[in-house]
Amino acid sequence: QVQLVESGGGSVQAGESLRLACTASLYVYRSYSLGWFRQAPGKEREGVASIDIYGSTRYANSAEGRFTISKDNAKNTLYLQMNSLKPEDTAMYYCAADPRSYSDIATMAQSLGSLYWGQGIQVTVSS
């Protein structure tokens, strides 16, 4: 059973930073591509960033230059460092695991039903 546990969300002012964390089992962490998605009220779930098992990363245009996805191998934990946050970043953020080792957010977005999901964590950015 794939379990993803997220932490680190909250409410911040525009321009501030947050770091999200997602802990997975060792097998998932080492064998699955991992990513972050978000969903704002009334909108579709969208990919934010992804990292495959070799550390290759991909970012949505909206995240490029402001967000950084990374992994801590000692803790089996995936991170999303979010800097220069904007009100439009307000959403529920979800950690995702893709059994394909070489996947990215574009590929993941085409098969949302085949991914494993965390419970979601709220990020609210006020102006």
Side-chain angles (χ1 to χ4, degrees):
Q1 185 176 1
V2 176
Q3 287 189 322
L4 304 170
V5 180
E6 299 136 335
S7 62
S11 297
V12 297
Q13 297 287 321
E16 294 183 342
S17 299
L18 276 175
R19 188 178 74 164
L20 305 182
C22 173
T23 302
S25 66
L26 180 61
Y27 178 78
V28 170
Y29 183 84
R30 289 185 175 180
S31 305
Y32 287 37
S33 295
L34 301 172
W36 290 98
F37 281 71
R38 67 186 183 187
Q39 188 166 18
K43 295 189 176 181
E44 294 185 351
R45 191 168 297 191
E46 63 175 3
V48 176
S50 62
I51 185 167
D52 67 20
I53 64 169
Y54 286 104
S56 294
T57 59
R58 291 285 297 273
Y59 295 92
N61 290 337
S62 59
E64 192 77 56
R66 298 188 300 127
F67 294 3
T68 302
I69 189 170
S70 63
K71 296 169 69 175
D72 184 332
N73 295 334
K75 299 180 179 179
N76 297 347
T77 300
L78 174 74
Y79 295 104
L80 183 68
Q81 177 67 43
M82 303 186 292
N83 298 329
S84 302
L85 282 162
K86 305 175 181 180
E88 50 263 44
D89 294 317
T90 295
M92 188 73 77
Y93 282 71
Y94 296 90
C95 177
D98 187 335
R100 294 167 290 196
S101 299
Y102 304 103
S103 189
D104 58 28
I105 49 170
T107 302
M108 292 179 186
Q110 295 176 357
S111 54
L112 296 179
S114 66
L115 306 182
Y116 296 91
W117 299 97
Q119 78 280 7
I121 194 162
Q122 181 66 38
V123 171
T124 302
V125 184
S126 56
S127 58

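Counting begins at 1 with the first residue of the sequence.
Residue Arg45 holds its CZ atom at 4.5 Å from OH of Tyr94, rounded to the nearest 0.5 Å. Distance check, rounded to the nearest 0.5 Å: CG of Asn83 to OG1 of Thr68 gives 6.5 Å. Interatomic distance, CG of Asp72 versus OG1 of Thr23, reported as 9.5 Å (0.5 Å rounding). To the nearest 0.5 Å, the span separating CG on Leu115 from CZ on Phe37 amounts to 6.0 Å. With rounding to the nearest 0.5 angstrom, the OH atom of Tyr93 is 15.0 Å from the SG atom of Cys22. Rounded to the nearest 0.5 Å, atoms OG1 (Thr57) and NZ (Lys71) are 11.5 Å apart.
Annotation for Pro87 and Ala14: closest pair CD-CB, 4.1 Å, computed over non-hydrogen atoms. The shortest heavy-atom contact between Leu80 and Ala49 is CD1-CB, 4.1 Å. Gly35 approaches Met108 most closely through the heavy-atom pair N-CE, 4.2 Å. Annotation for Gly120 and Glu6: closest pair N-OE1, 2.5 Å, computed over non-hydrogen atoms. Across every non-hydrogen atom of Cys95 and Leu78, the tightest pair is SG-CD2, 3.9 Å. Of all heavy-atom pairs between Ala97 and Val28, the closest is CB-CG1, 4.0 Å.
Remark: Gln13 CD is packed, more than 12 non-hydrogen atoms of other residues, nucleotides or ligands lying under 6.0 Å away. Tyr116 OH: 12 or fewer foreign heavy atoms inside a 6.0 Å radius.
A continuous path of ILVMFWY side-chain contacts below 4.5 Å connects Ile121 to Val2, so both sit in one hydrophobic cluster. Leu4 and Ile105 end up in different hydrophobic clusters when Ile, Leu, Val, Met, Phe, Trp and Tyr side chains are linked at under 4.5 Å. Linking ILVMFWY residues whenever their side-chain heavy atoms come closer than 4.5 Å, directly or via other members, places Leu20 and Val48 in the same cluster.
Taking the side-chain contact (heavy atoms from CB on, under 4.5 Å) definition, one finds that Asn61 meets it with nothing, sequence neighbours left out.
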Problem - Worked check of side chain to side chain contact (heavy atoms under 4.5 Å, CB included) between Phe67 and Trp36 - result: CA-CA 11 Å; Phe67 294 3; Trp36 290 98; over 6 Å; no

Handout entry: Criterion side chain to side chain contact (heavy atoms under 4.5 Å, CB included) on Thr90 and Gln122, from CA distance to verdict
Key = CA-CA 8 Å; Thr90 295; Gln122 181 66 38; 4.0 Å; yes

Problem - Residue pair Arg66, Met82: steps toward the side chain to side chain contact (heavy atoms under 4.5 Å, CB included) verdict - result: CA-CA 6 Å; Arg66 298 188 300 127; Met82 303 186 292; over 6 Å; no

Practice task
Using the side chain to side chain contact (heavy atoms under 4.5 Å, CB included) rule, take Ser25 and Gln3 through it: C-alpha gap first, then chi angles, then the decisive distance, then the call.
Solution key: CA-CA 7 Å; Ser25 66; Gln3 287 189 322; over 6 Å; no

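A donor-acceptor distance shorter than 3.5 angstrom exists from the side chain of Ser31 to the backbone of Tyr27, with no hydrogens or angles considered. Judged by distance alone, the side chain of Ser33 and the main-chain N or O of Asp104 form no donor-acceptor pair under 3.5 Å.
Other members of the hydrophobic cluster containing Tyr54, listed by chain and number, are Ile53, Tyr102; membership follows side-chain contacts under 4.5 Å among ILVMFWY residues, whether direct or relayed.
Side-chain atoms of Arg100 and Ser111, non-hydrogen and from C-beta on, do get closer than 4.5 Å to each other.
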